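Computed from a predicted structure; not experimentally measured.
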Amino acid sequence: MSKKKFKVLIYGCGNIGFRHLQGIVKSNNNIDIYVYDKSNIAIVKAKKKLKEISQFSNLVHVTFLNSINIIEKNLDLVIVSTSSKERLKIIRNLISKFKLKFLILE
């Protein structure tokens, strides 16, 4: 019997967002992680740091995105790791586009 595949979105991959990513990739669960940031520089830095992690579970798949419009509609977890100025707008946008089970605000 195959394990359930969890769908996680990390919205914002700066320092705190990357720390969440760093922890999740070490999981032994079957997880698809989508990492979004509006800054291409932040995405490039996160990809580089991710390659340096030695303990990376083979059950975890990470996809870096510059648009959230291509993500599946059902997500098990969304972590919003952005500045507080834009957070409400982002949350409203996420709730209108996706069915979320859990939401973490950083």
Side-chain angles (χ1 to χ4, degrees):
M1 182 153 116
S2 66
K3 289 174 129 180
K4 178 189 182 326
K5 184 166 254 192
F6 294 95
K7 307 287 183 194
V8 176
L9 168 63
I10 299 175
Y11 194 107
C13 63
N15 292 329
I16 295 173
F18 181 76
R19 291 294 179 198
H20 284 285
L21 175 61
Q22 188 177 33
I24 295 170
V25 297
K26 294 177 182 180
S27 172
N28 288 324
N29 292 308
N30 194 4
I31 303 174
D32 280 339
I33 306 171
Y34 303 101
V35 181
Y36 167 81
D37 201 293
K38 64 183 177 184
S39 166
N40 286 332
I41 294 169
I43 290 173
V44 169
K45 284 182 183 180
K47 283 182 182 180
K48 183 180 175 185
K49 286 188 211 176
L50 188 61
K51 286 181 183 178
E52 297 169 2
I53 295 175
S54 61
Q55 291 181 320
F56 194 107
S57 172
N58 61 353
L59 294 174
V60 175
H61 181 261
V62 180
T63 304
F64 289 90
L65 305 167
N66 58 11
S67 171
I68 61 169
N69 293 328
I70 61 171
I71 302 173
E72 292 183 32
K73 297 298 178 196
N74 294 319
L75 296 169
D76 295 297
L77 173 64
V78 176
I79 300 169
V80 179
S81 180
T82 63
S83 72
S84 60
K85 289 181 185 178
E86 54 192 15
R87 196 170 298 139
L88 180 59
K89 179 181 173 184
I90 290 167
I91 294 167
R92 284 182 175 155
N93 185 35
L94 290 169
I95 290 171
S96 72
K97 290 184 178 194
F98 301 101
K99 181 180 176 190
L100 316 175
K101 284 188 182 177
F102 298 99
L103 177 65
I104 295 174
L105 307 176
E106 274 297 335

Discussion item. Would you say NZ of Lys101 has more than 12 non-hydrogen atoms from neighbouring residues, nucleotides or ligands within 6.0 angstrom?
Written reply: no
Worksheet item: Is there a donor in the side chain of Asn29 and an acceptor in the side chain of Lys4, or the other way round, less than 3.5 Å apart?
Response: no
Worksheet item: Is the NZ or CZ atom of Lys49 positioned over Phe18's six-membered ring, under 6.0 angstrom from the centre and within 45° of the axis?
Response: yes
Fill in: Reported CZ-to-CG distance for the pair Phe6 and Leu59, which is rounded to 0.5 angstrom
11.5 Å
Worksheet entry | Step-by-step side-chain contact (heavy atoms from CB on, under 4.5 Å) determination, Thr63 to Asp32 | CA-CA 8 Å; Thr63 304; Asp32 280 339; over 6 Å; no
Discussion item. If we check side chain to side chain contact (heavy atoms under 4.5 Å, CB included) with Ile33, which of these qualifies: Leu77, Ile24, Ile79?
Written reply: Ile24
Response to the item:
Rounding to 0.5 Å, atoms CD1 (Ile43) and CG (Leu65) come to a distance of 7.5 Å
Discussion item. Minimum heavy-atom separation for Ala46 and Cys13, please, with both atom names.
Written reply: CB-SG, 4.0 Å
Worksheet item: After noting the C-alpha distance and the side-chain angles of Leu50 and Val35, does the key distance pass the side-chain contact (heavy atoms from CB on, under 4.5 Å) rule?
Response: CA-CA 12 Å; Leu50 188 61; Val35 181; over 6 Å; no
Worksheet item: Tyr34, Ile90: one ILVMFWY side-chain cluster at the under-4.5 Å cut-off?
Response: yes
Discussion item. Salt bridge check, Lys7 against Asp76: does any charged N sit closer than 4.0 Å to a carboxylate O?
Written reply: no
Worksheet item: Side chains of Leu94 and Ile68: does their closest heavy-atom pair fall under 4.5 Å?
Response: yes
Fill in: Any side-chain heavy-atom pair of Ile16 and His20 under 4.5 Å
yes
Worksheet entry | Atom pair CZ (Phe98) and CG (Asn93), whose distance is rounded to the nearest 0.5 Å | 7.5 Å
Worksheet item: Is any side-chain heavy atom of Tyr36 less than 4.5 Å from a side-chain heavy atom of Val78?
Response: no
Worksheet entry | Sub-4.5 Å side-chain heavy-atom contact between Lys47 and Val62 | no
Item to complete: Hey, could you give me the CD1/OG distance between Ile104 and Ser81, rounded to the nearest 0.5 Å?
Response: 10.5 Å
Worksheet item: Is there a path from Ile31 to Phe102 through hydrophobic residues (I, L, V, M, F, W, Y) whose side chains come within less than 4.5 Å of each other?
Response: yes
Discussion item. I'd like to know if Glu86 and Lys38 make a salt bridge, using a cut-off of under 4.0 Å between side-chain N and carboxylate O.
Written reply: yes
Discussion item. Could you measure the distance from the NZ atom of Lys26 to the CG atom of Leu21? Nearest 0.5 Å is fine.
Written reply: 10.5 Å
Practice prompt. Given side-chain contact (heavy atoms from CB on, under 4.5 Å), test Lys97 with Asn69 step by step and report yes or no.
Written response: CA-CA 8 Å; Lys97 290 184 178 194; Asn69 293 328; 2.6 Å; yes
Response to the item:
Correct closest heavy-atom pair for Val60 and Ser27 would be CG2-O, 3.9 Å
Item to complete: Can you measure from CG (Asn15) to NZ (Lys45) and round to the nearest 0.5 angstrom?
Response: 8.0 Å
Discussion item. Grouping I, L, V, M, F, W and Y whenever their side-chain heavy atoms are under 4.5 Å apart, do Ile91 and Leu100 come out in a common cluster?
Written reply: yes
Worksheet entry | Single-linkage hydrophobic cluster, 4.5 Å side-chain cutoff, Phe64 and Ile10 together | yes
